[in-house]
Amino acid sequence: AVVSTQSTGTNDKKRQAISQVVTREYTINLHKRIHGIGFKRRAPRAIKEIKKFAEKMMGTPDVRIDTRLNKHVWHKGVKNVPFRVRVRLARKRNEDEDSIHKLYTLVTVVEGIESFKGLTTQNVDVDE
C-alpha cells in the first residue's frame, strides 16, 4: 500500500516557526528520563537528556547548556539527580560565528522553584 503524505503546507509553517527567536519555560521530568541508568552515569545522562529535550522542543541541533544548569543538575552528586528541573529555552540567532546553523538554543535553569505543581509551559518575553 502506497501512502501519500501531503505535508507541503505544514512544512513551511514549521520552518517559519523555527526561524523565529523565542524563549519558553519548561519543566523537565528528569526522573523518568534517567530511570534504570547506573549510578555513575546518571548526571551525565541527565545533561544529555536535557539537550535532547531542548533539541526536540526548539528544533535546533545546536544546544548550549548554561553552567548554572550544569551545577544545578550535579549539586546533589552524580547519583542523586533532581527529579524535575525548570528550564528556560531561548532560541537565539547565531551571529558571531560562520556556523552552518543559523540558530542555537541556550538552556538556563529557573531558580527559586519550591513546587512544580501546576506549572505549565510559559512563553517568556524576550526583552527580559
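One-based numbering along the sequence shown. Note that the structure is predicted; figures quoted are calculated from it, not measured.
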Could you tell me which non-hydrogen atom of Ala46 sits nearest to which non-hydrogen atom of Leu30, and how far apart they are?
-> O-CD2, 4.1 Å
Beyond-backbone contact of Val87 with Thr108, side-chain heavy atoms, under 4.5 angstrom | no
For the ring pair Phe53 and Tyr26, is the centre-to-centre distance below 6.0 Å?
-> yes
Counting heavy atoms not belonging to Lys79, are there more than 12 under 6.0 Å from its NZ?
-> no
Please say whether more than 12 non-hydrogen atoms of neighbouring residues, nucleotides or ligands are located less than 6.0 Å from CZ in Phe83.
-> no
Which of Asn123, Leu89, Val124 passes side-chain contact (heavy atoms from CB on, under 4.5 Å) with Glu25? It is Val124
Within 45° of the axis and under 6.0 Å from the centre of the six-membered ring of Tyr104, does NZ or CZ of Lys92 qualify?
-> no
Would you check if there is a donor-acceptor pair between the side chains of Thr27 and Arg86 at a distance under 3.5 Å?
-> yes
Consider only side-chain heavy atoms of I, L, V, M, F, W and Y, link residues closer than 4.5 Å, and tell whether Leu119 and Ile50 are in one cluster.
-> no
Can you hop from Val63 to Trp74 via hydrophobic side chains spaced under 4.5 Å?
-> yes
When you check the gap from the basic side-chain N to the acidic O, do Arg64 and Asp62 get nearer than 4.0 Å?
-> yes
Lys52/Glu55 ion pair, N-O < 4.0 Å | no
